[in-house]
Amino acid sequence: MKSEPDVYSIQDLKRDKTAMWEGCRNYQVRNMLRDSMQINDLAFFYHSNAKPSGIVGIMKIVSHAYPDPTQFEKESEYYDEKSSRENPRWYVRDVEFVEEFSDTITLQDMREIPELNEMLVLRKGQRLSITPVSPEEWKSVIGLDHKK
DNA sequence: GCCAACGTTGGC
DNA sequence: GCCAACGTTGGC
C-alpha cells in the first residue's frame, strides 16, 4: 500500500498506532480495499515519490471496509460531488502499525532479486496505490529486510 | 521538472 | 461504444 511520505509516512503511522487509509480514488484500488482484503491481513507500507522509494515496513488491516468520510467533506481535497451517503463510491480500511524496517527496501533492491520479477508493484507503468503481494513475494521481501 | 503509462471524461 | 483529449501517478 503506497503513500507519499510527505503526505503520510510510516513514522506518522508509528506515532498514531492506527490510521484510516483515506483518499483512494481509483476503482481497482477501491475494489481491493472493499472486497479483497480481510481483517488481520498484513500489508507492506510503501513510500512513493520518496528518496528512495520502496518498502519501509509492515502494517495490519484492522477494520472492515467502510465509506471514506472525506468524499462527503466539501472542504476536503478528496471531496467527490458525485458520491452520496446512500450510494458511496469510495471506501477505506483502518490500518495498524506493526513494524518499521531498519532500512528501506528500495525498488533497486527488489529489482535485483529474480524472485520478485513478477511483483506487480515493480511493473513498468504500474500506478495503482494498492497491489496484491503473493506469499512467496512476501517472504522474499522479508528476506531482503533480514539481510540489511 | 520531465514524461511514459495509464485512467477518466465526454462529444459524437 | 469509440476514442481523442485531458488528468494523474510516480520513477527518474
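Just the heavy atoms: all of them, side chains too, but no hydrogens, waters or symmetry mates, feed the values below. In the text below, chain A, chain B and the rest are named by the order of the sequence lines, each starting its count at 1.
Backbone-only contact: Q28(A) has heavy atoms under 4.0 Å from sugar-phosphate atoms and none from a base. Among the protein residues, R25(A) comes within range of no part of the nucleic acid, since none of its heavy atoms lies under 4.0 Å from any strand.
The existence of a salt bridge linking D68(A) and R30(A) is excluded, since no basic side-chain nitrogen approaches an acidic carboxylate oxygen closer than 4.0 Å.
Side-chain polar atoms of T70(A) and E22(A) form no donor-acceptor pair below 3.5 angstrom. At a cut-off of 3.5 Å, with distance as the only test, no side-chain donor of T106(A) or Q108(A) sits close to an acceptor on the other residue.
Nearest-nucleotide assignment on DNA chain B puts the 5′-proximal partner with N49(A), out of N49(A) and Q126(A).
Within residues 70-94 of chain A, no residue has any heavy atom closer than 4.0 Å to DNA chain C. For the contact set between residues 112-125 of chain A and DNA chain B, defined by any heavy atom under 4.0 Å, the members are K124(A), G125(A).
Of all heavy-atom pairs between Q126(A) and K2(A), the closest is NE2-NZ, 3.4 Å.
A distance below 6.0 Å separates the ring centres of F45(A) and W21(A). The six-membered or imidazole ring of Y27(A) lies near that of W90(A), with a centre-to-centre distance under 6.0 Å.
For the pairing with S9(A), the side chain to side chain contact (heavy atoms under 4.5 Å, CB included) check across V7(A), D6(A), D12(A), L13(A) returns one residue only, D12(A).
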**OP:** Just do the salt bridge (Lys or Arg N to Asp or Glu O under 4.0 Å) check on E118(A) and R123(A) with the steps written out, would you?
**Re:** CA-CA 7 Å; E118(A) 301 295 312; R123(A) 208 164 274 183; 3.6 Å; yes

**OP:** List the steps and the verdict of side-chain contact (heavy atoms from CB on, under 4.5 Å) for W138(A) and L42(A).
**Re:** CA-CA 10 Å; W138(A) 183 274; L42(A) 296 177; 3.6 Å; yes

Original post:
Do R25(A) and D80(A) pass the salt bridge (Lys or Arg N to Asp or Glu O under 4.0 Å) test, and can you show the C-alpha distance, the side-chain angles, and the key distance before you say yes or no?
Top reply: CA-CA 9 Å; R25(A) 295 293 181 268; D80(A) 184 348; 5.3 Å; no

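First and last contacts of DNA chain C with chain A, using any nucleotide atom under 4.0 Å from a protein heavy atom and ordered 5' to 3', fall at dG7(C) to dC12(C).
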